[in-house]
Structures are given as structure tokens and as C-alpha cells.
Amino acid sequence: MTFDARIPGTGPVGVPAIAVPALVALLPLACFGHELLRARRVRARHRGVLDMVGRRSAHWRATVLDHDTPAAYCLPGRRPRIVVSAGALRLLSPAQLESVLEHERAHIAGRHHLALAATEAFARVFRWLPLAREAKAQTALLLEMAADDRALRRHPREALVSALYALAAGHAPGGAFSVGGPHAVVRLRRMLDARRRPHPALCGVVVAAAVAVPLLPPLLGCAPGMG
């Protein structure tokens, strides 16, 4: 590649050379937009149900749902809402409940629903790729771990671990993030592991290397033409 390289024309070879890369780039973007709209409609319907059957708690800054099953989840988006069942209020201590609410606030503040929609779109478009299928599941787990980390910075580890154990079997409706769920066991093991975290400098070096390595081939290829 050089600065004087010619752009493909509109001939029988030039059109596919432009159309195929453009299609590969635009198809995930279109699917991403579709996923955002679909999840938004699902959350809007659930908010309507909560307005009818739930009650607002100013103390906890959450909607309380009169249900015996212990559960806690959040609805992200433009009108975020945290939902806690009456069973969870009876089961959890104030410290445990605060750690759970902080976990759900982390999902809302971090706009985790956008990352989840992006991996969902990637998995739909490239469903034949193992990477696409794994990215969807692993991103959901990593987002839960990120919310756990934020809650642990403000609340004791014992409070969040015991609360997650109590709510591990809880489920959330579509488009929501639940503090429990299928990854609860993995998250519990991670939080109970007392290994020392790596130094921030080491984390910075790893991130810099991960960004630099993919850029090396195009930089090496372009360097002779740029002289």
C-alpha cells in the first residue's frame, strides 16, 4: 500500500472489491441496531408491567416486586431501573442488599447492554465462527465480573459473596442483568480466590501489547511506500 495506490474502479472486479468489504462492515452494524431496538422494546414492555405491579422504594432507589422468590436485576437504557423482589428484601441483610444494588448500578453506569448487543449482533452475523459464539457467552460473563469488581470496591467481599450465593438461582427477564444466573458459580470462585492482583504497570504493558500487535502487519507493509 502506498499513497499513490489507485482506488478500484467500477468494473467487474472493482465493484466486488468495494462492495464485499462494505457489506462485511455494514451487516454487523445493521444487526447491532436491530438488537438495540429489539431489547429496548422488551425492556419498555417490562417497565409497563412494573409500573402496574411494583412499588417504588425511595430508600433503596429501586422498584420492589411483591414476589417470594429472592431476585434482583436491572433494566438498563435511557430509563434505567433496578428491581428487587420482596423475597430478597426479607432474605438479605442491609449490607448484602447494598452490595447487590451497587452491582446493578455498575451495569447501568457502564452501559453494559451496548456491549452485550454488539456481541449478540456479531454472533448472529458470523454464527459459523466459533469465536462469534464464544464471544457472546464470554462477554456476558466478563460484564458480570466487571460489575462485581465495582461493587467490591465499595462494599465488603463477604457481603457480595453471601448475597450472590443467596440469589444464585435467580433469573431476569429479557434485556435485563441479574445478579444471579448461570455464571454465579464461576463468579463466586473468582471472588473467593484470594490471589494477589497483578501490578497496574503489568496490566498497562499487556494492554499496550494487545493494541500494538495487530497494528504491526499494516505498519510494516506500509513503511516501504511511505519513504
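Positions are given from 1, in the same order as the sequence printed here.
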Item checked: Check: Met191 main-chain N/O paired with Arg157 side-chain donor or acceptor under 3.5 Å -> yes

Next item on the list: Compare all side-chain heavy atoms of His155 with those of Glu98 and state whether any distance is below 4.5 angstrom.
Entry: yes

Margin query: For a 4.5 angstrom cut-off between non-hydrogen side-chain atoms, does Cys74 reach His107?
Written below: yes

Next item on the list: I would like to know whether Arg150 and Glu102 meet side chain to side chain contact (heavy atoms under 4.5 Å, CB included); could you show each step before the answer?
Entry: CA-CA 8 Å; Arg150 171 165 170 167; Glu102 188 63 34; 3.1 Å; yes

Check: Minimum heavy-atom separation for Thr63 to Gly54, with atom names?
Finding: CG2-CA, 4.0 Å

Check: Should the pair Arg190-Asp148 be classified as a salt bridge under the 4.0 Å nitrogen-to-oxygen rule?
Finding: no

Next item on the list: Consider only side-chain heavy atoms of I, L, V, M, F, W and Y, link residues closer than 4.5 Å, and tell whether Val53 and Val83 are in one cluster.
Entry: yes

Item checked: Pairing residues for Arg41 by the side chain to side chain contact (heavy atoms under 4.5 Å, CB included) criterion, not counting sequence neighbours -> Leu37, Arg38, Arg45

Next item on the list: Determine, using the 4.5 Å side-chain heavy-atom cutoff (strictly less than), whether Trp128 and Phe122 are members of one ILVMFWY cluster.
Entry: yes

Margin query: Distance check, rounded to the nearest 0.5 Å: Glu158 atom CD versus Leu152 atom CG?
Written below: 9.5 Å

Next item on the list: Look at the side-chain heavy atoms of Ile, Leu, Val, Met, Phe, Trp and Tyr, link any pair under 4.5 Å apart, and say whether Leu160 and Leu188 land in one connected group.
Entry: yes

Checklist line | Least distance between heavy atoms, Ala176 atom then Pro76 atom | finding: CA-CD, 4.4 Å

Next item on the list: Evaluate the side chain to side chain contact (heavy atoms under 4.5 Å, CB included) criterion for residues Arg43 and His113: first the C-alpha distance (whole Å), next the side-chain angles of each, then the deciding distance (0.1 Å), finally the verdict.
Entry: CA-CA 11 Å; Arg43 290 193 295 266; His113 63 291; 3.9 Å; yes

Check: Would you say the side chains of His103 and Glu144 form a donor-acceptor pair under 3.5 Å?
Finding: yes

Check: Donor-acceptor pair, Arg40 side chain versus Arg78 backbone, under 3.5 Å?
Finding: no

Notebook entry, point to check: Please walk me through it: do Leu65 and Tyr73 pass side chain to side chain contact (heavy atoms under 4.5 Å, CB included)?
Noted result: CA-CA 11 Å; Leu65 196 61; Tyr73 59 91; 4.3 Å; yes

Item checked: Nearest-0.5 Å distance that lies between atom CG in Leu75 and atom CD in Glu104 -> 9.5 Å

Item checked: Given Arg81, Arg56, His46, the one that forms side chain to side chain donor-acceptor pair (under 3.5 Å) with Asp51 -> Arg81

Next item on the list: Kindly give the heavy-atom pair with the smallest separation between Leu91 and Ala166, and that separation in Å.
Entry: CD2-CB, 3.6 Å

Next item on the list: Might you point out which heavy atoms bring Ser57 and Val64 nearest each other, and give the distance in Å?
Entry: CB-CG2, 3.8 Å

Item checked: Neighbour count >12 (heavy atoms, 6.0 Å) for atom CZ, Arg90 -> yes

Item checked: Under 3.5 Å: donor-acceptor pair, side chain of Ser85, backbone of Thr69 -> yes

Note to self: Measuring from atom CG of Leu116 to atom CZ of Arg111, what distance do you get when rounded to the nearest 0.5 angstrom?
What the structure shows: 15.0 Å

Check: Is the number of heavy atoms from other residues, nucleotides or ligands under 6.0 Å of His183 NE2 greater than 12?
Finding: yes

Checklist line | Heavy-atom side-chain contact between Trp60 and Leu89 under 4.5 Å | finding: yes

Note to self: Is the shortest side-chain heavy-atom distance between Ile82 and Arg61 below 4.5 Å?
What the structure shows: no

Next item on the list: Could you walk me through whether Leu97 and Val84 pass side chain to side chain contact (heavy atoms under 4.5 Å, CB included), step by step?
Entry: CA-CA 9 Å; Leu97 186 57; Val84 182; 4.1 Å; yes

Check: Do Leu101 and Val179 share a hydrophobic cluster, counting only Ile, Leu, Val, Met, Phe, Trp and Tyr and linking them when any side-chain heavy atoms are less than 4.5 Å apart?
Finding: yes

Note to self: I'd like to check Val100 versus Gln96 (side-chain heavy atoms, cut-off strictly below 4.5 Å). Are they in contact?
What the structure shows: no

Check: Is Leu167 linked to Ile108 within one hydrophobic cluster, defined over Ile, Leu, Val, Met, Phe, Trp and Tyr using a side-chain heavy-atom separation of less than 4.5 Å?
Finding: yes

Check: For the atom pair CG (Leu143) and CZ (Phe177), what is the distance rounded to the nearest 0.5 Å?
Finding: 5.5 Å

Item checked: Pairing of Arg124 and Glu35 as salt bridge, 4.0 angstrom limit -> yes

Checklist line | Side-chain heavy-atom pair Thr119, Gln138 within 4.5 angstrom cut-off | finding: no

